[in-house]
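Data first, discussion second: the structure below is written as structure tokens.
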Amino acid sequence: MTQYKKHLPEKQERHRLFGSVSPGKRTKPTEKDAMADLQNTQNDFLFHIDAVGITNVTHPMTIHGEIEPHTQTSVAKFTMTSSIVQQSKGTNMSRFTEQLEAYYQKQRLTTNLKDLKAFTKELSTRLKTTDATIDITVPYFYQQRGPHSQLQGLNHVDLTIKVTYDTSSGFTVHVGLAATITTLCPCSKEISEYSAHNQRGIVSITTELDPLFDETTSDWKKWLLEMAESNASAKIHPVLKRTDEKVVTEHAYENPRFVEDMVRLVSADLYEREDVVAFKVTCRNEESIHLHDAIASITYDKRVENR
Ligand SMILES: Nc1nc2c(ncn2[C@@H]2O[C@H](COP(=O)(O)OP(=O)(O)OP(=O)(O)O)[C@@H](O)[C@H]2O)c(=O)[nH]1
């Protein structure tokens, strides 16, 4: 054992040495009922507030899906809000995290839309408001196989889920993801004697789901990922042997894509899905021959005719 030579004062003494002082005289109530409740003050506070709540909340949540691994725990970022009326000074912030803990304890803090809808509706009840919104971003891991060797490894995308509950209009559900893909430049391929430059592209999709969407028969994560990857020049792979690398390289050369091509092709797939009411698709290519990125996006609402 190491022999210590210094003689240190007791811990409390050390704290005093570094500035800690004895507690002062307490005059304010310590019982909850006797405390001022500023946030529940009623008056004319000039404006209605659209959204008040908490953001950047980091919390584990469970993801179930059709792709392997079928169940995983990931670390999500939550934003939870509701509106408050002009007559109310403030929201009861602690109730947002109380609701999170309640769902965590009963093991219902999952990406299942049924759980999230129940969560959002209960949140509005807990807050005594007419609406509530939760906005979640969570990394989702999935097995990706090399196209020839079939060797697998974990890839990930960022899922986004936004659920709004309003007592008058009911639920609105948006789901999406941001997936990384390879794009090979069609222009470069066309003009060059050899080769073509390629880059990493990030395809971000947000969809508004039809209210009748049934997640028990349709895994939205799976079909959104398929849309992003199947329209790309090539997929991204964690494990590639030489036999795989040849397939990926040749596949990219045979499927060149501009950012415009990507957003149009993914939009076409989304347009064909009856359970998608509206969508936004963005592609951002981290250009390998520039320091800047290339971007394109399409926003489309099937309820708006004559486009
Ligand atoms: N409304 C409001 N609350 C804040 C703000 N900043 C911090 N708080 C939070 O106020 C919370 C405590 O208030 P409440 O949640 O109303 O606590 P409470 O009145 O004891 O809780 P209930 O019994 O549920 O009404 C703490 O969680 C603080 O984090 C703010 O800008 N606005």
Side-chain angles (χ1 to χ4, degrees), residues 51-83 91-143 154 156-179 205-226 273-279:
V52 54
I54 58 176
T55 190
N56 208 16
V57 182
T58 307
H59 205 285
M61 84 184 302
T62 305
I63 308 175
H64 301 289
E66 285 176 20
I67 311 175
E68 283 183 74
H70 300 301
T71 301
Q72 64 190 267
T73 301
S74 191
V75 179
K77 287 277 185 196
F78 285 78
T79 295
M80 298 179 273
T81 57
S82 79
S83 67
T91 187
N92 296 108
M93 293 273 180
S94 63
R95 298 185 195 179
F96 291 97
T97 41
E98 272 184 332
Q99 175 71 358
L100 203 57
E101 177 63 13
Y103 264 62
Y104 179 64
Q105 288 299 335
K106 55 185 177 180
Q107 297 180 354
R108 284 186 63 193
L109 201 57
T110 78
T111 54
N112 294 356
L113 299 178
K114 190 169 168 242
D115 286 333
L116 293 175
K117 281 179 171 177
F119 180 107
T120 313
K121 190 173 178 181
E122 281 175 32
L123 179 61
S124 79
T125 306
R126 192 185 279 271
L127 293 166
K128 297 191 172 72
T129 54
T130 55
D131 63 86
T133 297
I134 57 169
D135 216 324
I136 301 163
T137 304
V138 58
Y140 168 56
F141 292 84
Y142 61 99
Q143 290 289 359
L154 282 178
H156 66 273
V157 293
D158 277 339
L159 302 180
T160 52
I161 309 170
K162 183 177 179 181
V163 179
T164 297
Y165 173 73
D166 189 296
T167 42
S168 55
S169 53
F171 292 104
T172 311
V173 178
H174 289 87
V175 294
L177 56 75
I205 308 172
T206 311
T207 65
E208 181 179 337
L209 294 175
D210 188 279
L212 298 176
F213 175 72
D214 180 7
E215 66 179 336
T216 61
T217 57
S218 175
D219 183 356
W220 58 268
K221 303 182 290 301
K222 188 177 175 185
W223 49 258
L224 285 179
L225 179 61
E226 161 74 13
R273 283 204 71 98
E274 288 182 355
D275 39 22
V276 171
V277 175
F279 56 82

Open item on the list: Rounded to the nearest 0.5 Å, what separates atom CD1 in Ile54 from atom CG in Asn56?
Closed with: 10.0 Å
Task: Within 6.0 angstrom of Lys162 NZ, more than 12 heavy atoms from elsewhere - done: no
TODO: Report yes or no: does Glu122 contribute a side-chain atom to a donor-acceptor pair with the main-chain N or O of Gln99 at less than 3.5 Å?
DONE: no
Open item on the list: When you compare the side chains of Thr79 and Thr55, does any donor N or O come within less than 3.5 Å of an acceptor on the partner?
Closed with: yes
- [ ] Could you tell me the separation between the CZ atom of Arg273 and the CZ atom of Phe213, rounded to the nearest 0.5 Å?
- [x] 7.0 Å
Task: Spacing of NZ belonging to Lys117 relative to CD1 belonging to Ile134, to within rounding of 0.5 Å - done: 11.5 Å
Task: Partners passing ring-ring contact (aromatic ring centres under 6.0 Å, His included) against Tyr103 (at least two apart in sequence or in another chain) - done: Phe119
Task: Asn112 side-chain N/O to Lys114 backbone N/O, donor-acceptor pair under 3.5 Å - done: no
TODO: May I ask you to test the Leu159-Val175 pair for a side-chain heavy-atom distance under 4.5 Å?
DONE: no
TODO: Flag the pair Leu154 / Gln143 as yes when at least one side-chain heavy-atom distance between them is below 4.5 Å, and no otherwise.
DONE: yes
Task: Flag, side chain of Thr167 to backbone of Thr130, donor-acceptor distance under 3.5 Å - done: yes
Task: Considering all heavy atoms, the nearest Ala178-Val157 contact - done: O-CB, 3.4 Å
TODO: Compare every heavy atom of Asp214 with every heavy atom of Thr216, then report the nearest pair and how far apart it is.
DONE: OG1-OD1, 2.5 Å
Task: Within-4.5 Å side-chain heavy-atom neighbours: Glu274 and Asp210 - done: no
- [ ] Side-chain contact test, heavy atoms from C-beta onward, threshold under 4.5 Å: evaluate it for Tyr140 versus Ile67 and give yes or no.
- [x] yes
Open item on the list: For Ser83 and Asp131, which I'm curious about, is there any donor-acceptor pair between the side chains at under 3.5 Å?
Closed with: yes
Open item on the list: Heavy-atom count check: over 12 atoms from other residues, nucleotides or ligands less than 6.0 Å from Lys121 NZ?
Closed with: no
- [ ] For the residue pair Thr129 and Thr91, establish whether any side-chain heavy-atom pair is separated by less than 4.5 Å.
- [x] no
Task: ring-ring contact (aromatic ring centres under 6.0 Å, His included) contacts in which one or both residues fall within residues 58-80, not counting sequence neighbours - done: His59-Tyr104
- [ ] Rounded to the nearest 0.5 Å, what's the gap from CG on Leu177 to OG1 on Thr207? Could you check?
- [x] 9.0 Å
Open item on the list: Could you check whether any side-chain N or O of Thr137 sits under 3.5 Å from a backbone N or O of Thr160, counting only pairs where one atom can act as donor and the other as acceptor?
Closed with: no
- [ ] List the steps, then state whether side chain to side chain contact (heavy atoms under 4.5 Å, CB included) holds for Ile136 with Thr111.
- [x] CA-CA 9 Å; Ile136 301 163; Thr111 54; 5.8 Å; no
- [ ] State, yes or no, whether a side-chain contact exists between Trp223 and Asp275 at a heavy-atom distance under 4.5 Å.
- [x] yes
- [ ] Would you check, one step at a time, whether the test side chain to side chain contact (heavy atoms under 4.5 Å, CB included) holds for Glu215 with Leu209?
- [x] CA-CA 10 Å; Glu215 66 179 336; Leu209 294 175; over 6 Å; no
Task: pair Leu116-Met61: side-chain heavy atoms closer than 4.5 Å - done: yes
Task: Sequence neighbours excluded - salt bridge (charged side-chain N to carboxylate O under 4.0 Å, His left out) pairs with any residue from residues 91-100 - done: Glu98-Arg126
Open item on the list: Tell me whether Ser74 contacts the main-chain N or O of Pro139 through its side chain, where contact means a donor paired with an acceptor under 3.5 Å.
Closed with: yes
Open item on the list: Once rounded to the nearest 0.5 Å, what's the spacing between atom CG of Leu225 and atom CD1 of Ile205?
Closed with: 8.5 Å
Task: Donor-acceptor contact present, side-chain Asp219 to main-chain Glu66, <3.5 Å - done: yes
- [ ] Measure the CD-CG distance between Glu101 and Leu109 for me, rounded to the nearest 0.5 Å.
- [x] 9.5 Å
Task: Considering all heavy atoms, the nearest Asp166-Ser168 contact - done: OD1-OG, 2.6 Å
Open item on the list: Could you check whether any side-chain heavy atom of Phe279 comes within less than 4.5 Å of a side-chain heavy atom of Leu224, counting everything from C-beta outward?
Closed with: no
